[in-house]
Amino acid sequence: MTVAAAPTIGPWRLNPVAEWHWRDWGGDSVVIEVRSGQTLQFDPLSAAVMACIEAGASDLAAVGTMLADDLGADAAADAAFAESLCTVLERLFRLGWIEPLPEPA
Amino acid sequence: MDRAAAGAGLTVGSLSPERLRWALATQGVAVRTGPVGFRVLSDVPAVAAALGLLYADHPRLGSADFCDFELHVRRVGGLRRWLRPQVQAVYDGTPVFEPLPLGHAFPLLEWALNHCVTSHAFEHLTLHAAVVERGGRAAILPAPPGSGKSTLCAALVHRGWRLLSDELALVALADGRLAPLARPVSLKNRSIEIIRRYAPEAVFSAETHDTAKGTVAHMSVPREHVRRMDETAQPAWVVFPRWVADAPPQLAPRAKADAMMELGRNSFNYGTLGRSGFDALADLVTACDCFDFSYGQLDDAIAVFDRLAQAPPP
């Protein structure tokens with residue numbers, strides 16, 4: 001994988017006050033964050049990444065592993081793929097849908 | 001309230017022109033258009049004339065019946081009333097828009113009604129779109145101004161499709177069905193002459209010139225469509241129309257997620273409805289085949305729509 005911008009490496013968590021609701025038509029999806037009403041169209045990769053995070057992946061490595069399980073190690077190791085993954089994660093950070101995991105008290 | 005029962009019997013057209021003018025200027029005239037009831041008060045004769053012409057078949061509500069809103073379309077006072085007479089629409093004591101020249105009174109009423117419906121329709125997801133129905137299945141035509149949406153809608157209405165609405169698609173949050181509004185179709189500029197020629201039987205209001213939208217005229221809803229305005233329809237197609245001079249008709253599938261986002265941008269209350277609006281819109285596009293459609297000739301466009309309607313439901 002290429003070097004990712006710091007926040008996208010993780011660890012992160014889902015925004016605890018946010019709530020997502022999906023509609024998927026097999027390849028293209030729309031997601032609403034219910035509290036803000038923010039609605040986004042997701043391409044398949046964005047949808048897959050968000051699904052990984054909702055399933056508990058809390059850092060880039062975990063997302064990569066989950067996707068590699070589905071796509072195969074070769075695909076997941078591709079540099080362009082890794083870059084796309086980081087772009088998706090940066091978008092989720094910008095949206096405030098994921099946030100850095102707070103330091104333990 | 002049972003709106004259908006409340007509006008049964010009396011129609012706007014059952015009032016003589018003199019009686020209609022008097023009623024508008026005094027206690028108002030209450031009209032039902034699909035799920036919406038509104039009361040109009042106006043001292044402008046042109047409003048009475050257009051209302052009598054275009055809403056003649058619409059049920060009239062009694063003075064004790066509930067109306068969703070009351071609109072006053074009245075002349076603006078002061079020296080202007082002699083020099084440059086103006087008219088304004090007032091809802092709930094507040095002007096809806098800036099005053100307009102007196103000659104724009106009826107279009108102003110229609111625009112104010114659109115504003116009131118979109119501000120009040122919380123049992124529906126409202127979309128800026130025309131809706132027509134055939135065989136119980138409805139086509140939703142969302143489009144920005146200038147795309148030929150109203151022209152295509154008016155043509156379809158005179159070629160076997162039932163008008164639900166020219167401007168506002170009302171998607172019931174309860175069951176996802178489309179509620180008819182059955183209000184006059186607003187046509188602008190060249191579209192007026194095109195439809196006059198295409199459907200010589202169509203009834204039009206007088207033209208209003210120099211509005212913000214250019215020349216505007218309203219086409220009445222065929223009587224049978226008004227009579228059926230309590231029949232909701234099942235959404236079946238979302239068609240984004242675009243008129244292109246001399247272009248052959250071209251119907252291209254559009255991804256549902258993309259269609260949903262575009263419809264959301266065309267909604268008046270999606271942002272207010274939150275999760276229920278999302279579900280209603282997602283259910284709508286799930287139930288519909290979605291297309292981009294470009295056309296250059298109305299007859300070609302009608303043929304494409306007729307083929308859609310002839311295909312058996314999935």
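Everything numeric here is computed off the predicted structure, so don't read it as measured data.
B/Phe240 carries B/Arg254 over the face of its six-membered ring, with the cationic atom under 6.0 Å from the centre and within 45° of the normal.
Remark: the backbone N or O of A/Ser36 is paired with a side-chain donor or acceptor of A/Glu33 at under 3.5 angstrom. With hydrogens and angles disregarded, no donor-acceptor distance shorter than 3.5 Å links the side chain of B/Lys149 to the backbone of B/Glu167. When atom types are taken as modelled, the side chain of B/Arg177 and the backbone of B/Thr232 share a donor-acceptor pair closer than 3.5 angstrom.
For chain B, the nearby parts of A/Val30 are the backbone and the side chain; heavy atoms of each come within less than 4.5 Å. If you measure heavy-atom distances from A/Trp20 to chain B, you find no contacts under 4.5 Å at all.
Using modelled atom types and a 3.5 Å distance limit, the side chains of A/Thr39 and B/Tyr270 yield a donor-acceptor pair.
By the side-chain hydrogen bond (donor to acceptor under 3.5 Å, both in side chains) test, B/Thr286 pairs with A/Trp25, sequence neighbours left out.
Proximity to chain A at a heavy-atom threshold of 4.5 Å picks out nothing from residues 108-118 of chain B.
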Note to self: Between B/Leu170 and B/Ser165, is the side-chain contact (heavy atoms from CB on, under 4.5 Å) condition met? List the steps.
What the structure shows: CA-CA 9 Å; B/Leu170 298 182; B/Ser165 180; over 6 Å; no
